[in-house]
Enquirer: 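Handing you a structure now.
Note that the structure is a prediction, hence the values are computed from the model and not measured. Every chain is numbered from 1 and lettered A, B, ... according to where its sequence line falls, protein lines coming before strand lines.
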Amino acid sequence: MSQVTITLPDGSSRAVSAGAPVREVASAISPRLASAALAAVVDDRMVDLSCPLEADARVRIVTPDSPEALDLYRHSTAHLLAAAVTNLFPGVQCGIGPATDEGFFYDFVVPRPFVPEDLDAIERKMRELAQQDLPYQRQMWPREEAKRFFGDRGETLKVQLIEEKTQGQPLVSCYTIRDRDTFVDFCTGPHVPSTGKLKAFTLLGTSNAYWKGDARNQPMQRIYGTAFLSEKELQAHLQRLEEAKRRDHRKIGREQKLFMFHPWAPGATFWLAKGTVLYNTLADYMRSVLVPAGYIEVRAPIVFNKALWERSGHWQHYRQNMFLVESEGEQLGLKAMNCPGHFLMYSSEMRSYRDLPIRFHEQTPLHRNEASGVLSGLTRVRQFSQDDAHCFVMESQIGEEVERLLRLVQRVYGDFGLSPEMKLSTRPPEFLGTVEQWNHAEAELTRALEAAGAPYTINAGDGAFYGPKIDFDVTDAIGRKWQCATIQLDYMQAERFDLTYVGADNAEHRPVIIHRAIFGSFERFIALLIEQFAGAWPLWLAPVQAVVLPISDRHLDYARQVGERLAASGLRIEIDERQEKIGYKIREAQLQKVPYMLVTGDREAAEGTVSVRSRSAGDLGARLVDAFIADALDEIRRKDVGAPARAEVKA
RNA sequence: GCUGGCGUAGCUCAGUCCGGUAGAGCAGCUGAUUUGUAAUCAGCCGGUCGGGGGUUCGAAUCCCUCCGCCAGCUCCA
């Protein structure tokens, strides 16, 4: 029998019989590896353990420790789910069932939607199938036979997939769990060797989905679940989901009276007093960053004549998302973005190359008529404000301006203890301008990113219709990603608005526009911060920075004196004058996560002190009022977001 | 917008399946208590059961419809 030579990751090589399954390589190395083996990577392609070795190859055995293992588990669990559903709901049609970042799903065509009881039954069936340790068998079927097989079963979606994905291939890959009478799926694999490997999984919910994600296609029912390599990791994941609920900005927003919503203004935030403090603090912070960076703040109108939107292209591309109004026979639209207003202000006077870059910053509200179903707390609203700006630069200034912006973003996020991930989004299918312009713009952004030296990923086809962009995702404490900051290059709008500057050559030139936001929107950024800090605000952001707690009525005068001094020095304070025991007042302040509680009783009144209790560190003892003020102001100046705020989040 | 779920007091929730006088805790108010580092006691107030329509002798409960919220889908300049 002929032999093939396989090379292992450590560089050693072995000879095996040609056609032997890759499993034998694992067995030959050690019985332990053989039992841990899940799949193999043969010449960079991941395959089943049953895959025959036909030629010399590099082979790496995939075990639970391999980076591929989690996706493999999840995809195999999705198959297990589909097998259970097929078993329990005869006549069901299967769609696709991939692994995702958080778990997996599988889409089905069923006569009625799944209900929670169905999920319980399906999960029980999955465990039953897992316990039977059934092999995942891969079979190569003649293409026509596979089509006939799925066609006879009424699985027209699978037939469609085979037709689209295997053109010109004589054989197609199918998997069964048990045999052809139960569950067969058209799938390239690979899979774990048998269902017994799958233990740590759970179903999480159902939702509606469409075939191939297109709302014009057949509606399907999606079942979500997640799987991990160990029960411990699964439990940790479920705990994170619980933690997310506890930190939900909608819950904390209500508890701390930061904001509210009302059915008569869906998607529009009512900023209550404490939320307004937060909002204004962030707005002022942003100004304090942007003014030294050469930005000037402006305020453009909210409502514009349709003519402006026709000029900008929004009328053609974005009208369905705009709030439109009519007045005296004229059609008007509420602004969904600030750019066109800034363009009009740019062209209100002659611009010289000596003036560039010109940077307009604006924080006025924007309105976008988002579909009702997408609204969600503060993270997706219909009215919001961006820390928006447009930088008008010369072609030659793009690189430096984008680099400056990258540094600015890093610095701001650093001030909040956040570290964003960068994505470069490139030309979408629908775009303005020419491919050459796009290539040039994309090259400029790439160069700036490389110069910044920070890692980034490429999000192909996700650019805005007028130019490529760099987006910044922030991962919060529990692993969810939020897109906040954005830097967008725009070669198109200067043309449309006929924006010019006079160059050194005394000729007119087009400026390049950089659209950019650092927070993104105040609304979304505040939602992110609430969840980041779990409502335990660092002192500089806390709507109430300290609460004065008189022990009894006879300390009210002193408490008020203290309160006045604190307020006069600029601290945001409250005095709890209720006739309650000190323990009660402390409990309430603690639940509100007020950074400092200042107990004032006989001793303090006599000595001119306050007894300081920190939200995170507890009783700190008596301090002179002025000393407390000095320390607090210093802490505010430092914008500390360090250990104290984080530590108590877990408490 | 689509699919599903949900909507009962300011908040958290029970009651809805199987129609028969709307409940609890917290919050609030009043009184007593004058308090030393996470809940003092007692009493009281509080709801067109999301809106509208229908079935019924009778609807929080069953049906229709609209609105809002939640999850996901789609979308996201």
Enquirer: Please pick, from G72(B), U37(B), G68(B), the nucleotide with the shortest atom-to-atom distance to any side-chain atom of Y224(A).
Expert: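 So the side chain of Y224(A) is nearest to G72(B).
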
Enquirer: Would you give a per-nucleotide map of nucleotides 26-36 of chain B, 5' to 3', where B means the base has a protein non-hydrogen atom under 4.0 Å away, S means only the sugar-phosphate does, and - means neither?
Expert: -SS----BBBB

Enquirer: Hey, does F261(A) reach any base, or is it just sugar-phosphate, or nothing, if we go heavy atoms under 4.0 Å?
Expert: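 No contact.
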
Enquirer: Please check if any side-chain donor atom of Y596(A) sits under 3.5 Å from a side-chain acceptor atom of E635(A), or the reverse.
Expert: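 There is such a pair (donor and acceptor under 3.5 Å, judged by atom type) between the side chains of Y596(A) and E635(A).
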
Enquirer: Scan side-chain atoms only and decide if H390(A) and Y346(A) contain a donor-acceptor pair under the 3.5 Å cut-off.
Expert: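 There is no such pair between these side chains.
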
Enquirer: Using the P atom as the point on both nucleotides, what is the distance between C44(B) and A38(B), in whole Å?
Expert: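 32 Å, rounded to whole Å.
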
Enquirer: Mind checking L591(A) for me? I need base, sugar-phosphate or nothing, with any heavy atom below 4.0 Å counting as a touch.
Expert: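 Counting heavy atoms under 4.0 Å across all strands, the contact made by L591(A) includes a base.
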
Enquirer: L375(A) CG to A71(B) P: how many Å, rounded?
Expert: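 For the pair L375(A) CG and A71(B) P, the rounded distance is 11 Å.
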
Enquirer: Would you mind reading off the distance between F105(A) atom CZ and U3(B) atom C1', rounded to a whole angstrom?
Expert: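 That distance rounds to 15 Å.
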
Enquirer: Restricting to side-chain contact (heavy atoms from CB on, under 4.5 Å), what partner residues turn up for R554(A), sequence neighbours left out?
Expert: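 Per chain and number, R554(A) pairs via side-chain contact (heavy atoms from CB on, under 4.5 Å) with S552(A), D602(A).
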
Enquirer: For H262(A) and for M337(A), find the nucleotide of RNA chain B with the closest heavy atom, then tell me which residue's nucleotide is more 5'.
Expert: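 So the residue in question is H262(A).
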
Enquirer: Please work out whether the ring planes of F259(A) and F261(A) are parallel, tilted or perpendicular, with thresholds of 30° and 60°.
Expert: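 If you compare the ring of F259(A) with that of F261(A), the planes turn out perpendicular.
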
Enquirer: As a test of reading the structure: which of U37(B), C73(B), A71(B) is closest to the side chain of D619(A), going by heavy atoms?
Expert: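 Among the listed nucleotides, the one closest to the side chain of D619(A) is U37(B).
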
Enquirer: NA contact type, G377(A), heavy-atom cut-off 4.0 Å: base, sugar-phosphate, or nothing?
Expert: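 If one applies the 4.0 Å heavy-atom cut-off, G377(A) turns out to touch the sugar-phosphate alone, with no base involved.
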
Enquirer: Looking at R380(A) and C75(B), is any side-chain donor or acceptor paired with a base atom of the opposite kind under 3.5 Å?
Expert: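 Yes.
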
Enquirer: Assign R613(A) to base, sugar-phosphate, or nothing according to its heavy-atom contacts below 4.0 angstrom with the strands shown.
Expert: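 R613(A): base contact, heavy atoms under 4.0 Å.
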
Enquirer: Indicate, with a heavy-atom threshold strictly under 4.0 Å, whether H314(A) touches base, sugar-phosphate, or nothing.
Expert: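 Base contact.
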
Enquirer: Pick base, sugar-phosphate or nothing for H317(A), based on heavy-atom distances below 4.0 Å to the nucleic acid.
Expert: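 Base, at least one base atom sits under 4.0 Å.
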
Enquirer: Heavy atoms from C-beta onward define the side chain here; which of U12(B), C69(B), U37(B) lies closest to that of R254(A)?
Expert: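 Among U12(B), C69(B), U37(B), the one nearest the side chain of R254(A) is U12(B).
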
Enquirer: Is it true that the side chains of T156(A) and Q93(A) contain a donor and an acceptor less than 3.5 Å apart?
Expert: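 Side chains of T156(A) and Q93(A): pair found under 3.5 Å.
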
Enquirer: Cut-off 3.5 Å, side chains only: do S611(A) and E604(A) have a donor facing an acceptor?
Expert: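 Their side chains do contain a donor-acceptor pair, which is all the 3.5 Å distance test asks for.
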
Enquirer: Should G36(B) form a Watson-Crick or G-U wobble pair with both distances under 3.5 Å, which nucleotide is its partner?
Expert: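 Across any shown strand, G36(B) pairs with none.
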
